[in-house]
S.K.: 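Could you have a look at this structure, given as structure tokens, before my questions?
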Amino acid sequence: MRLPIHEIEIDFLAAYRDGARLILQAPTGSGKSTQIPQMLSRAGFLDGGEVIALQPRRIAARMLARRVASEMNEPLGGLVGYQIRNENHTSSRTRIRFVTEGILLRRLINDPELRGVSAIIFDEFHERSLHGDLTLARGLMLQKTARPDLKIVVMSATLDTDALSDYLSPCETIRSEGRVYPVDVSYIGDRLANSNAAIWDLAARSVADAVTEETEGHVLVFMPGAYEIGRTIRALGERLSSAKFRVLPLHSELGSKDQDAALDACDRRKVIVSTNVAETSLTIDDVRIVVDSGQARIARYDPSRGLNTLWIEKISHASANQRMGRAGRTCPGRCLRLWSERDHQQRAECDEPEAMRMDLAESILTLLATGVEDLDAFDWFEKPVESRIDEAFVLLSMLGAVDERRALTSAGRKMSEFPLHPRFGAMMLAADRYGCVPELSLAAAVAESRGLLLRKVDKSVLRRRESLLGDCAGSDLIAQMRAWSGARANGFDIGYCREIGIHAQTARQVSRVSDQIFSYAKYEDFNLIQEAPAREEDVVKCVLSGFPDRVCRRLDRGTLRVEMTGGLRGSLARESMARDSALFVACEINEIGTQRGDVSTVLNLCSEIQREWLEELFPNDFDSGSETKFDEKQKRVVERVFVRYRDLDIELKENLDVNIEVAATELAALVVAGKAKLDKWNSEVEVYLERVRFASSQFPEYEIEDFDEDSKSLVIEQCCLGAKSLRDLKRQAVMPLIKSWFGIEVENVVEAEAPMKVRLENGRTARIRYESGQAILSAKIQELYDLNAPPTLCQGRYQPRFEILAPNQRPVQLTDDLEAFWTNAYPSIKKDLAGRYPKHEWR
DNA sequence: GAGCACTGC
């Protein structure tokens with residue numbers, strides 16, 4: 001079959017012969033991934049050595065190898081093979097080797113000159129995966145030193161290859177047209193886009209309209225996550241006839257059976273509501289209509305706070321186009337974008353490369369291990385900001401992987417041998433000392449796998465799981481290890497796994513990874529002799545040695561609130577095994593945003609620890625009293641907040657829309673201190689600003705800059721660490737109201753599930769549930785307005801206000817005295833209220 | 001609705 005890519009074969013081979021570096025720009029569907037290696041083979045270029053074709057995903061490496069082998073009438077693993085983690089289908093005959101990027105990066109550690117390799121092809125480079133970026137930079141470095149004969153071919157689907165071409169210069173660029181069908185794109189109007197309509201309702205409406213106009217083919221709807229998918233499916237159920245349509249969810253946490261249902265053929269038209277999995281990883285045949293919410297949950301790592309954030313963000317043009325392309329694979333299609341054209345113009349052109357938003361510690365350790373001595377001179381395609389690299393080195397040196405000159409230590413060398421994050425590498429080194437290498441091989445594999453225990457399961461499943469697992473020494477990790485052992489004892493039987501809510505496929509994967517880690521440990525000559533299984537206490541000590549900066553203590557008994565070394569606050573995951581522990585270590589910290597704009601910091605994979613273990617493991621941190629560590633770290637947080645942005649006005653303005661909530665508190669503190677001005681404005685900043693103003697008005701004796709130690713910690717309390725979620729703001733608004741109406745001194749209003757504590761006039765305290773607190777407010781409003789039923793209180797999206805809905809769900813105008821309560825607490829609300837709610841008579 | 005995208009060694 002003749003493919004578009006064949007038209008450039010002669011040009012490509014000539015350029016390949018004459019130059020060392022080459023860019024091939026060709027869209028998806030042009031056949032470049034399968035044909036380019038074959039062209040090189042036919043032209044005899046592989047006689048001198050193999051070509052490595054890099055893929056960002058395992059499934060692509062496997063499928064491409066299979067496809068190319070069959071096109072060349074070769075057995076898989078002969079001339080054509082593939083290699084992914086724990087799967088190697090290659091032989092000494094192999095000349096075309098499809099591998100995932102991480103495999104090559106790892107190979108560079110043990111074989112820095114890549115002997116026997118004549119060329120590296122980078123496929124899908126536009127996706128800008130961290131491994132891809134690093135491998136390319138490392139490959140260039142190799143080509144410039146020991147291997148001038150090595151050829152580098154970079155293939156990308158995007159048109160914009162100028163920056164890449166500069167980076168690779170001298171380098172030729174060859175372009176090829178693809179064979180794609182046109183897709184008709186439409187946007188929704190400004191008014192609809194700015195309305196408060198929920199995204200799932202907009203989507204359901206669009207789907208219902210589109211399927212009547214376009215009467216064939218399937219529909220693919222993109223949503224940011226499982227929650228939104230559920231809502232969309234519910235909304236669609238009211239609009240589509242189930243005789244004609246089958247509505248199906250698709251996201252990675254579904255079982256494989258449910259995933260297959262979305263991909264399999266079907267007697268009806270399918271409406272598939274999916275996350276980003278359908279953007280690159282999975283392809284659904286015969287999709288004619290794409291409905292795109294324009295949102296995605298994007299993970300970022302915030303090195304200054306050491307946590308991952310997962311918030312809903314607007315997708316870039318590149319991503320929107322990729323989603324759109326899913327409608328034009330078999331014939332012309334259409335794409336409905338649920339945002340306005342004006343919004344579209346303001347969106348980013350491309351996604352931010354992974355290297356800019358991920359934890360760099362592991363990458364830097366790998367680079368050091370492949371022989372990069374001077375990281376300052378390392379030629380990144382796009383260099384991450386210096387502070388991120390610094391933060392990575394802080395972690396590496398805390399783990400003992402680098403010395404003060406930033407050079408690899410022998411411990412660091414050992415950590416780098418493991419295909420793991422250096423935190424887990426450090427855990428393995430500790431396992432060597434404590435004699436629990438097999439247990440930690442499993443612990444690392446389990447911790448890395450995530451998702452071993454399914455999150456959304458029935459209560460009956462939870463009960464069975466709990467009776468199987470026991471108390472697990474207050475450790476989520478040990479719980480997961482036990483769950484895995486149970487699954488293995490039952491041969492990873494699907495039925496058994498389902499009964500206790502284990503992802504069977506993940507459990508098998510964990511076995512392979514655990515074996516791999518164990519074999520690396522063996523190779524490294526670790527202590528493998530055990531007379532008895534390791535004590536769970538020792539296992540947790542090893543975990544702690546990889547996470548010395550993630551020690552948490554509970555703030556009180558009634559709630560799940562927690563403070564971490566470094567001062568960060570958050571909540572212990574409510575299902576955690578460490579829920580009865582006062583002190584624990586958290587392997588995973590996520591800051592999660594919801595569709596409504598709330599943000600919560602959740603600590604996962606926690607294990608109870610004892611104070612003495614800290615002294616045993618980190619004697620140096622405890623030389624002058626037990627609390628020093630906390631205080632030192634707190635000081636560092638304050639310095640960051642008030643020093644880091646001091647001279648960076650310009651950068652602040654430009655970055656204001658990006659990752660806004662990370663910077664917002666810090667910005668607000670600076671604005672109040674007169675250290676920064678903001679040109680752009682939006683409601684998130686306003687919220688934080690309001691809070692800082694509130695804090696400083698409550699404590700006028702403190703200046704925001706030049707703090708003494710006391711006020712520093714006060715500011716941490718008020719501005720930086722507490723009240724991260726909007727729920728806290730709401731709480732602050734509720735408290736004065738209750739006080740004024742009932743004469744009750746409110747001590748605190750705590751998280752939703754726990755009771756709210758109030759102090760009564762007679763000096764006793766009482767508890768009411770948070771929901772009851774809302775009910776009290778609601779009843780009071782009913783009384784004030786003389787309503788025939790209590791109104792509903794809703795939390796506003798970015799504003800610390802309550803929207804008041806009448807029983808018929810229409811919004812209500814506030815009376816002056818009620819409004820005054822809000823505005824006294826938060827002056828900015830006044831502006832927001834004015835004119836926002838139409839007067840509505842509904843008594 | 002208090003809670004979670006996707007990869008990869």
S.K.: With heavy atoms under 4.0 Å as the rule, sort A/Glu588 into base, sugar-phosphate or nothing.
M.R.: nothing
S.K.: Check this for me: does the side-chain of A/Arg57 come within 3.5 Å of the base of B/dG8 through a donor and an acceptor?
M.R.: no
S.K.: Does a nitrogen or oxygen in the side chain of A/Thr100 sit under 4.0 Å from OP1 or OP2 of B/dC9?
M.R.: yes
S.K.: Would you indicate which nucleotide in B/dG8, B/dT7, B/dA5 comes nearest to any side-chain atom of A/Ser281?
M.R.: B/dT7
S.K.: Verify the contact: side-chain N or O of A/Arg297 to OP1 or OP2 of B/dG3, cut-off strictly under 4.0 Å; return yes or no.
M.R.: no
S.K.: I'd like to check the side-chain contact (heavy atoms from CB on, under 4.5 Å) partners of A/Glu466; sequence neighbours left out, ordered by chain and number.
M.R.: A/Arg579
S.K.: Calculate the interatomic distance between A/Arg231 atom CZ and B/dG3 atom P; express it in whole Å.
M.R.: 11 Å
S.K.: Report yes if a donor N or O on one partner sits less than 3.5 Å from an acceptor N or O on the other, where the partners are the side chain of A/Glu417 and the base of B/dC9; otherwise report no.
M.R.: no
S.K.: Is A/Asp292 salt-bridged to A/Arg323, cutoff N-O under 4.0 Å?
M.R.: yes
S.K.: I'd like to know if A/Glu101 pairs up with A/Arg128 as an ion pair, taking the criterion as any Lys NZ or Arg NE/NH1/NH2 lying under 4.0 Å from an Asp or Glu carboxylate oxygen.
M.R.: no
S.K.: With sugar-phosphate meaning primed atoms plus P, OP1 and OP2, does A/Glu575 contact a base, only sugar-phosphate, or nothing at under 4.0 Å between heavy atoms?
M.R.: base
S.K.: For the side chain of A/Arg574, starting at C-beta, report the closest nucleotide among B/dG8, B/dA2, B/dC6.
M.R.: B/dA2
S.K.: Which nucleotide wins on minimum distance to the side chain of A/Glu362, given the candidates B/dG3, B/dC9, B/dA5?
M.R.: B/dC9
S.K.: Assign A/Ile592 to base, sugar-phosphate, or nothing according to its heavy-atom contacts below 4.0 angstrom with the strands shown.
M.R.: base
S.K.: Counting heavy atoms from C-beta on, name the nucleotide in B/dA5, B/dC9, B/dG1 closest to the side chain of A/Ala226.
M.R.: B/dA5
S.K.: Could you tell me which residues satisfy side-chain contact (heavy atoms from CB on, under 4.5 Å) with A/Gln509, sequence neighbours excluded, listed by chain and number?
M.R.: A/Arg58, A/Arg512, A/Val513
S.K.: Which part of the nucleic acid, if any, lies within reach of A/Asn86 when heavy atoms closer than 4.0 Å are counted: base, sugar-phosphate only, or nothing?
M.R.: nothing
S.K.: Applying a 4.0 Å non-hydrogen cut-off, can you work out what A/Ala299 is touching in the nucleic acid: base, sugar-phosphate, or nothing?
M.R.: base
S.K.: Mind checking if A/Tyr227 touches a base, just sugar-phosphate, or nothing, with heavy atoms under 4.0 Å?
M.R.: base
S.K.: If you check every side-chain atom of A/Arg58, which of B/dC9, B/dA5, B/dC4 has the closest atom?
M.R.: B/dC9
S.K.: NA contact type, A/Leu310, heavy-atom cut-off 4.0 Å: base, sugar-phosphate, or nothing?
M.R.: base
S.K.: One thing to verify: whether A/Glu313 and A/Arg297 come together as a salt bridge, which I'm taking to mean a side-chain N less than 4.0 angstrom from a carboxylate O.
M.R.: no
S.K.: Return whichever of A/Gly225 or A/Pro419 has its heavy-atom-nearest nucleotide of DNA chain B closer to the 5' end.
M.R.: A/Gly225
S.K.: Please compare A/Ile84 and A/Thr275 by the position of their nearest nucleotide in DNA chain B and report the one closer to 5'.
M.R.: A/Thr275
